[in-house]
Asker: 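Please see the structure below; I have some questions.
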Amino acid sequence: MSDTALPRPAFRAATDEAPLLRIALIGIAVAGLAVLVFAPLAVVFAEALKQGWSAAIQSLGNRDARSAIQLTLLITAIAVPANAAFGIAAAWFITKFDFRGKAFLITLIDLPFSVSPVVAGLCIVLLFGANSAIGGWLVAHGWPIVFAIPGIVLATIFVTFPFVARELIPVMIEQGRAEEEASLTLGASGWRTFWSVTLPNIRWALLYGTLLCTARAMGEFGAVAVVSGKIRGQTATMPITIEMLYNEYLSVAAFSMAALLTALALVTLLLKTILELRHADQLAATRRH
């Protein structure tokens, strides 16, 4: 047999594409973003300012618009901290303890991602509506859930629950239990261990999940539309008010409200981007996506 070495096959790096192909792929991505993201945003702001800044600001200054803005911020201020607390508790329980049914519990946490928000709102109506046993008792005692703020809060918490938990669970699984066990061995209490060890390790994932939860809470429509009753000036949030105004052919008012809601979402996105840019090293160490 000849000792002549066989020619080795040439391997090409996965990212070593031809310049023309790279340009084409980048062009397709940019075109997709332009059609699906940038163009709708431009239309929203253009329609809002079609009659000038004064008309847009005036439409946001009436009583119903102010009520919708205040209600949306109130619901977000309640739902986001609640989901942060629930997400931390769920992630702690899942990652720090071994028990039967853990996979099923994780599936339940992901349930709001797969269930339609309209179905979730309908379930809240069936459970807490005036015709149900629980809802009837609450209404009789002056604590209505459906067609009131508590129902909107419940619906918003349900649809936004997974965001914080799903950000924390992978981080806490990767970090393991060694640091907490060492802290407890040294005599620290459970709360001291949480505040001094666990929370600093998950702070970036917690903040990231909270920002995502905030953006989702402000823009929720389906579940809130079912449980709120769309009562103008009382239970109409910003997304519901946008629909009501648009159906009444008040396009400037509708698009002005939509532009404000979009601006709030963009501020949330900007905060997330600043977080990623300023703390890239810490985020890389705590998040694996």
Asker: Give me the atom names and distance for the closest heavy-atom approach of Ser132 to Gly129.
Answerer: OG-O, 2.7 Å
Asker: Would you confirm whether Glu220, through its side chain, and Gly222, through its main-chain N or O, come within 3.5 Å as a donor-acceptor pair?
Answerer: yes
Asker: Any side-chain to backbone donor/acceptor pair from Lys102 onto Phe97? Under 3.5 Å, distance only.
Answerer: yes
Asker: To the nearest 0.5 Å, tell me how far Ile124 CD1 sits from Ile157 CD1.
Answerer: 9.5 Å
Asker: Looking at Ser67 and Arg63, would you say the former's side chain and the latter's main chain have a donor-acceptor pair under 3.5 Å?
Answerer: no
Asker: Compare all side-chain heavy atoms of Val119 with those of Cys123 and state whether any distance is below 4.5 angstrom.
Answerer: yes
Asker: Are Leu154 and Leu73 connected into the same hydrophobic cluster when the rule is that any two of I, L, V, M, F, W, Y join if their side-chain heavy atoms are below 4.5 Å apart?
Answerer: no
Asker: State the CG-CD1 distance between Leu260 and Ile242, to the nearest 0.5 angstrom.
Answerer: 8.5 Å
Asker: Could you walk me through whether Met257 and Leu261 satisfy the side-chain contact (heavy atoms from CB on, under 4.5 Å) test, starting with their C-alpha distance in whole Å, then the side-chain angles of each, then the deciding distance to 0.1 Å, before giving a yes or no?
Answerer: CA-CA 6 Å; Met257 183 72 70; Leu261 185 60; 5.7 Å; no
Asker: Are Phe221 and Phe158 joined in one hydrophobic group, where the rule is that I, L, V, M, F, W and Y side chains link up if heavy atoms are under 4.5 Å apart?
Answerer: no
Asker: With sequence neighbours left out, write down each residue that passes side chain to side chain donor-acceptor pair (under 3.5 Å) with Thr160, or none if nothing qualifies.
Answerer: Asn83
Asker: Can you tell me which residue among Thr235, Thr237, Leu71, Ile149 is in a side-chain contact (heavy atoms from CB on, under 4.5 Å) with Ser228?
Answerer: Thr235
Asker: Step through the shown structure and confirm whether more than 12 heavy atoms of other residues, nucleotides or ligands are within 6.0 Å of CG on Asn247.
Answerer: yes
Asker: Apply side-chain contact (heavy atoms from CB on, under 4.5 Å) to Asp110 and Ser114, showing your working.
Answerer: CA-CA 7 Å; Asp110 290 336; Ser114 56; over 6 Å; no
Asker: Report the C-alpha distance between Leu206 and Leu199 in whole Å, list the side-chain angles of each, state the deciding distance to 0.1 Å, and finish with yes or no for side-chain contact (heavy atoms from CB on, under 4.5 Å).
Answerer: CA-CA 9 Å; Leu206 176 61; Leu199 190 59; 3.9 Å; yes
Asker: Of all heavy-atom pairs between Ala65 and Ser59, which one has the smallest distance, and what is that distance?
Answerer: CB-O, 3.5 Å
Asker: Taking the side chain as everything from C-beta on, heavy atoms only, tell me whether Asn201 gets closer than 4.5 Å to Met172.
Answerer: no
Asker: So for atom CZ, which belongs to Phe86, do other residues, nucleotides or ligands contribute more than 12 heavy atoms lying within a distance under 6.0 Å?
Answerer: no
Asker: For Ile109 versus Ala165, what's the shortest heavy-atom pair and its separation?
Answerer: CG2-CB, 4.0 Å
Asker: At what distance, to the nearest 0.5 angstrom, does OH of Tyr208 lie from CG of Leu271?
Answerer: 12.5 Å
Asker: Over all heavy atoms of both residues, which pair between Met218 and Thr268 is shortest? Give the atoms and the distance, please.
Answerer: CE-OG1, 3.8 Å
Asker: Looking at every non-hydrogen atom in both residues, tell me the closest pair between Thr156 and Ala217 and how far apart they are.
Answerer: CG2-CB, 3.7 Å
Asker: With side-chain contact (heavy atoms from CB on, under 4.5 Å) as the test, would you mind laying out the steps for Thr262 and Phe45 before giving the verdict?
Answerer: CA-CA 9 Å; Thr262 302; Phe45 286 99; 4.0 Å; yes
Asker: Looking at Glu243, I want to see if its CD is surrounded by more than 12 non-hydrogen atoms of other residues, nucleotides or ligands under 6.0 Å.
Answerer: yes
Asker: Atom CG in Leu211, atom OG1 in Thr273: separation rounded to 0.5 Å?
Answerer: 9.5 Å
Asker: Same hydrophobic cluster for Val115 and Phe161, using side-chain heavy-atom links shorter than 4.5 Å among ILVMFWY?
Answerer: no
Asker: Do any N or O atoms from the side chain of Lys50 and from the backbone of Val252 form a donor-acceptor pair under 3.5 angstrom?
Answerer: no
Asker: Name all residues meeting the ring pair (Phe, Tyr, Trp, His ring centres under 6.0 Å) criterion together with Phe113; count only those two or more places apart in sequence or in a different chain, and write none if there are none.
Answerer: Phe163
Asker: Rounded at 0.5 Å granularity, tell me how far CD1 in Ile173 sits from CG in Leu168.
Answerer: 11.0 Å
Asker: Is the shortest side-chain heavy-atom distance between Arg203 and Pro200 below 4.5 Å?
Answerer: yes
Asker: When rounded to the nearest 0.5 angstrom, what is the spacing between OG1 in Thr241 and CG in Leu60?
Answerer: 11.0 Å
Asker: Please check if Val159 and Val153 belong to a single hydrophobic cluster, counting links between Ile, Leu, Val, Met, Phe, Trp and Tyr side chain heavy atoms closer than 4.5 Å.
Answerer: no
Asker: Looking at every non-hydrogen atom in both residues, tell me the closest pair between Val227 and Gly151 and how far apart they are.
Answerer: CG2-O, 3.5 Å
Asker: Could you state whether Ile152 and Ile69 fall into the same hydrophobic cluster, counting links through intermediate Ile, Leu, Val, Met, Phe, Trp or Tyr residues with side-chain heavy atoms under 4.5 angstrom apart?
Answerer: no
Asker: Over 60° means perpendicular and under 30° means parallel, so tell me whether Tyr246 and Phe255 are parallel, tilted or perpendicular.
Answerer: perpendicular
Asker: Taking the side chain as C-beta and beyond, is there a heavy-atom pair between Ile169 and Arg166 under 4.5 Å?
Answerer: yes
Asker: How far apart are the C-alpha atoms of Phe93 and Phe99, what are their side-chain angles, what is the distance that settles it, and do they pass the ring-ring contact (aromatic ring centres under 6.0 Å, His included) test?
Answerer: CA-CA 10 Å; Phe93 184 63; Phe99 55 92; 4.6 Å; yes
